[in-house]
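Both backbone and side-chain heavy atoms feed into the values below; hydrogens, waters and symmetry mates do not. In the text below, chain A, chain B and the rest are named by the order of the sequence lines, each starting its count at 1.
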Protein chains: 2
Amino acid sequence: MLTIGQLAAYVGVTVRAVRHYHQIGLLPEPGRDASGYRRYGPAAVVSLIRIRTLAEAGVPLSRIARMLEADAPAFAEAVRKIDADLREEIERLETSRERIARLAAGDSLALPPEVTSYLDRLREIGVTERMVEGERDGWILLVARWPDRVPAMMPGKLAQLDDPRIVRLYRVLSGAFESDAADDPRLEEAADIMAEMAEEAYASGETDFDEAAAQDDLPFDLMDALAVEADPRATRMLDLMRERGWARWTRMDRLPEPPSR
Amino acid sequence: MLTIGQLAAYVGVTVRAVRHYHQIGLLPEPGRDASGYRRYGPAAVVSLIRIRTLAEAGVPLSRIARMLEADAPAFAEAVRKIDADLREEIERLETSRERIARLAAGDSLALPPEVTSYLDRLREIGVTERMVEGERDGWILLVARWPDRVPAMMPGKLAQLDDPRIVRLYRVLSGAFESDAADDPRLEEAADIMAEMAEEAYASGETDFDEAAAQDDLPFDLMDALAVEADPRATRMLDLMRERGWARWTRMDRLPEPPSR
DNA sequence: TGGAGGGTTGACGCAGCGTCAGGGTCAACC
DNA sequence: GGTTGACCCTGACGCTGCGTCAACCCTCCA
């Protein structure tokens, strides 16, 4: 007759594990000796070995009891189920590994490479780091909403950077938000550029965003709010744009009627 | 300003998950509105997206906070660590899958194929199912102790089955233990055969078990006890063997002095 | 006879939420 | 103005497979 420690040592598990199997009813409680110690016979050793064999094969403890008393076809069916579960779990972990590998490679979190290279271009043309981070967060919001559509719109955005007015716009905004002035006059210039370009785009029917994006205001509301949160002076920009007949900032919409001034 | 449900929906997580992140301090608690509802600004949306990006890449929640504020080299190091953890976990699951595949293929649990084919041979020569199961459990005890050495000893055991006396022995024992008699005379015949063969083996120096097994009594004590547990009449067999000068049953040892009768 | 090294029960901790329970709030419709 | 359904709130337990105290008892050996 073995003590619990001897049993555990024979099978290669911890004492705690054996007691756990008792608790959940997987291994029957053996008799006790005079001093209350559990005493195990050889059949318990065999049972425990069989339990561990299944557990080490990835069978959840809750299913082991049923499997041990199953007949051959039921056993085979259970094995298939377990194996499918294991495969699924492995699958999930593999996906995680791919994702983390991409995280290690990319510049920033939660952004596809097309967007990070757009951000790099912004840095090159002299946009301040603070503003690039604001852009980045805006793109994060867009990508979360349309993970598949965003990469497709990046070539157009990159092309826009060839227009000297856009470059000028970004630089003017960078400067304005970097200064200490509460109401920098450069904001007016920026608003003029934006209104002009919005006018052109509107006239030619061009748009950065597709149908779905045009219906769904939330991401753009969030992006506008993000700018305001980052620098309250962004509110002023929104006002200036509204004066010029344009609602919003990050996706400009023509206001229904001339602004009341 | 978003409610928790809107925030969760935007990012694609559950409300409960967001609250969990608050609890563990991963996402800061936002301000409340007049009725006590949490209200989220766009920065919270971005934070949550970044958290989920890491979490979906397999980063434990407890490390996400540190990773989000890490610089590039520290981030890369953390990524290496996470990836190693993921690889290890996948490794473990793959091992489980191999094991369960082998379980599906084999006859019985916790036994190598060499042993299961030995058990099949026993069935072929007419050993009762009950006795085969007893043998199986005995082998389970041996394999648990010496997983590497057991397969090597199986060819010898299989060869023994070519000896008609062994076949006779198994059949006699099968019959004796299947009967209702408390003291079947066939047990004597079995004891005679075993003693005779033990004598031969002892004289020629042959042995089923190697050095290590000869030193370690526990598995054999357990196997003897297993037989007694399965059928108390096995005690009688042990007595008969002792009368003939042999201790134990499953690994016979010469008794130090002639039995006192 | 005392101390080391067993054994006993009971309870919390771990990861990442899911899922009640038992409330209050908001917006809309009758 | 009352009802309804969809949200929101906090608090707490559940899941998996044990690890790890805590506080106490038993056995064996020098």
Derivation and outcome, side chain to side chain contact (heavy atoms under 4.5 Å, CB included), residues L222(B) and V46(A): CA-CA 10 Å; L222(B) 282 175; V46(A) 174; over 6 Å; no
- prompt: Taking it one step at a time, do H20(B) and L61(B) satisfy side chain to side chain contact (heavy atoms under 4.5 Å, CB included)?
  reply: CA-CA 10 Å; H20(B) 182 62; L61(B) 297 188; 3.9 Å; yes
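Of the charged side-chain nitrogens involved, at least one lies within less than 4.0 Å of a carboxylate oxygen, so that R248(A) and D221(A) count as a salt-bridged pair. Comment: D239(A) engages R242(A) in a salt bridge, judged by a side-chain N to carboxylate O separation of less than 4.0 angstrom. Using a 4.0 Å cut-off between charged nitrogen and carboxylate oxygen, R130(B) and E133(B) do not count as a salt-bridge pair. Salt bridge absent: R80(A) and D83(A) never bring a charged side-chain N and a carboxylate O closer than 4.0 Å.
Figure legend. dC30(C) is base-paired to dG1(D); pairs are counted as Watson-Crick or G-U wobble with both atom distances under 3.5 Å.
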Give each protein N/O atom lying under 3.5 Å from an N/O atom of nucleotides 16-19 of chain D, with the pair distance.
unit_1  : atom_1 : unit_2 : atom_2 : d
dG17(D) : OP1    : L61(A) : N      : 3.4
dC18(D) : OP2    : Y21(A) : OH     : 3.0
dC18(D) : OP2    : R52(A) : NH1    : 3.4
dG19(D) : OP2    : T14(A) : OG1    : 2.8
dG19(D) : N7     : R16(A) : NE     : 3.4
dG19(D) : O6     : R16(A) : NH2    : 3.2

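A donor-acceptor pair under 3.5 Å links the side-chain atoms of R66(A) to the main chain of S62(A), judged by distance alone. For the pair E229(B) (side chain) and G41(A) (backbone), a donor-acceptor distance under 3.5 Å is absent.
Atom-to-atom, CZ of R32(A) to P of dC25(D) comes out at 17 Å; the value is rounded to the nearest Å. Between the OH atom of Y37(B) and the C1' atom of dC7(D) there is a distance of 6 Å, rounded to whole Å. To the nearest angstrom, P of dT10(D) lies 7 Å from CZ of R19(B).
R38(B) comes within contact range of the sugar-phosphate backbone alone, with a heavy-atom separation under 4.0 Å but no base atom that close. Nucleic acid contact for I24(A): none, since no nucleic acid atom lies under 4.0 Å from a heavy atom of the residue.
For the ring pair (Phe, Tyr, Trp, His ring centres under 6.0 Å) condition, the pairs that include at least one residue of residues 31-80 of chain B, sequence neighbours left out, are H22(B)-Y40(B).
Look at S35(B) and you won't find any side-chain N or O under 4.0 angstrom from OP1 or OP2 of dC8(D). The phosphate of dC8(D) (OP1 or OP2) has a side-chain N or O of T3(B) nearer than 4.0 angstrom.
Taking 4.0 Å as the cutoff to heavy atoms of chain B, we find the contact window on DNA chain C bounded by dG16(C) to dC26(C).
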